[in-house]
Amino acid sequence: MPELPEVETIRRQLAEKIVGKTINQIEILAPKIFIGEVKTAIGAKVVGVGRVAKVLRILLSNGNALLAHFKLNGQFFWRGPGDDSPARFTCVIFHFTDGSRLLFNDSRKFGWIKAMENFSEESAAAIEPFCPDFNLKNFFAVLAKSRRPVKLVLMDQEKIGGIGNIYANEALFAARISPFRPANSLSVNEAEKLRNAIVKILQKAIDCRGSSGKDEWYRQLDGSPGGYQNHFLVYQKNGQKCPRCGDPITRQNQAGRGTFYCPACQI
DNA sequence: CTGCGGTCCTGAAGGC
DNA sequence: TGCCTTCAGGACCGCA
């Protein structure tokens with residue numbers, strides 16, 4: 001599922017393709033996906049592509065913006081002029097004046113695209129990895145405020161932006177912390193280990209251009225899979241030996257989501 | 001504040 | 001082979 005590294009990968013690849021191009025048509029094949037009015041973006045030039053947490057922002061020359069959320073299995077695919085290669089589950093097609101197209105595909109239709117008028121970049125409430133406010137002091141303060149299991153706090157987009165199920169599991173394993181520990185039970189030392197693990201793992205995942213695990217629909221802009229799934233240590237590894245202590249990796253349901261961890265060495 | 005269950009949606013996987 | 005059931009899951013919402 002697209003989390004921070006996947007959305008960041010798409011952001012970088014998309015910026016190379018569409019900055020400077022003008023949108024001349026938007027084709028909507030699945031109406032529920034597109035929120036707002038098409039005319040917000042028609043005739044506008046793309047001036048930048050940004051990202052906040054898991055949300056992509058396409059900034060337009062007219063002061064408006066298109067925001068996109070991939071949710072579970074949304075995809076952006078690029079088609080150059082004359083490239084008619086087929087795609088499945090296409091919901092929205094952006095046409096540019098040079099004949100190139102950007103496809104938004106989503107088999108489950110959980111994702112969305114929002115056309116925003118007079119878009120202003122308000123400051124986000126959540127702290128976010130790779131932003132200056134994601135320091136130990138702020139991170140520890142977020143954890144200290146909640147008795148909920150630490151994994152759920154990591155994935156709470158109102159508190160920390162960009163972390164989903166894959167990287168929450170992997171970061172907690174790297175920091176040797178049980179996903180079920182109340183967030184406020186972590187020491188400063190443990191919080192520091194966890195913070196550092198998050199930054200390190202997300203950076204490595206960005207370097208690998210995201211994760212395309214066995215159930216993952218994530219693909220890069222050109223349709224090719226990412227590479228970080230080859231570095232998973234616990235995610236989708238239930239039944240296999242823990243690479244650290246050899247005990248079996250366990251899968252357990254936590255708030256409706258699969259939690260993968262080593263009960264022996266994550267304390 | 002916290003947790004729980006339901007909702008959206010449909011491909012994939014498992015059972016018979 | 002094929003039909004039917006179950007599961008997964010990010011964000012959100014109502015309710016206890």
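Note on naming: letters A, B, ... go to the chains in the order of the sequence lines (proteins, then strands), and numbering restarts at 1 for each one.
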*asked:* What's the closest nucleotide to the side chain of A/Phe89 if the choices are C/dG10, B/dG11, C/dA8?
replied: B/dG11

*Which one, B/dC8, B/dT10, C/dA11, comes nearest to the side chain of A/Lys71?*
C/dA11

*Specify the angle, to 10°, made by the local axes at the two ends of the helix from B/dT2-C/dA16 to B/dC16-C/dG2 when five pairs are taken at each end.*
50°

*asked:* Just checking A/Trp217 against A/Phe89, ring centres under 6.0 Å apart?
replied: yes

*same_hphob_cluster(A/Val46, A/Phe94) at 4.5 Å side-chain heavy-atom cutoff*: yes

*asked:* Once you apply a heavy-atom cut-off of 4.0 Å, does A/Gly258 come out as touching a base, just sugar-phosphate, or nothing?
replied: sugar-phosphate

*B/dG3, C/dA11, B/dT10: which one has an atom nearest the side-chain heavy atoms of A/Arg257?*
C/dA11

*Consider the side chain of A/Lys32, meaning its heavy atoms from C-beta on, and name the nucleotide among C/dG10, B/dC9, B/dG11 that approaches it most closely.*
B/dC9

_Nearest-nucleotide pick for A/Asn165, side chain only, options being C/dG10, B/dT10, C/dA8_ = C/dG10

_No-hydrogen, no-angle side-chain donor-acceptor test under 3.5 Å, A/Ser212 and A/Tyr228_ = no

*Assess the pair A/Tyr235 and A/Tyr167: is the distance between their ring centroids shorter than 6.0 Å?*
no

*Hey, does A/Asp106 reach any base, or is it just sugar-phosphate, or nothing, if we go heavy atoms under 4.0 Å?*
nothing

*Counting just side-chain N and O atoms, does A/Arg148 come under 4.0 Å of either OP1 or OP2 of B/dC1?*
no

*For A/Ser107 and A/Lys145, take the nucleotide of DNA chain B holding the closest heavy atom to each; which residue's nucleotide lies nearer the 5' end?*
A/Lys145

*Cation-pi between A/Arg244 and A/Phe173: NZ/CZ under 6.0 Å from ring centre and within 45° of the ring axis?*
yes

*asked:* Please confirm whether the shortest side-chain N or O distance from A/Ser146 to OP1 or OP2 of B/dT2 is below 4.0 Å.
replied: yes

_C/dA11, OP1 or OP2 - any side-chain N/O from A/His69 closer than 4.0 Å?_
yes

*asked:* Of the options B/dG11, C/dA8, C/dG10, whose atoms approach the side-chain atoms of A/Trp217 most closely?
replied: B/dG11

*asked:* Keeping A/Gln236 on the side-chain end and A/Lys214 on the backbone end, is there a donor-acceptor pair under 3.5 Å?
replied: yes

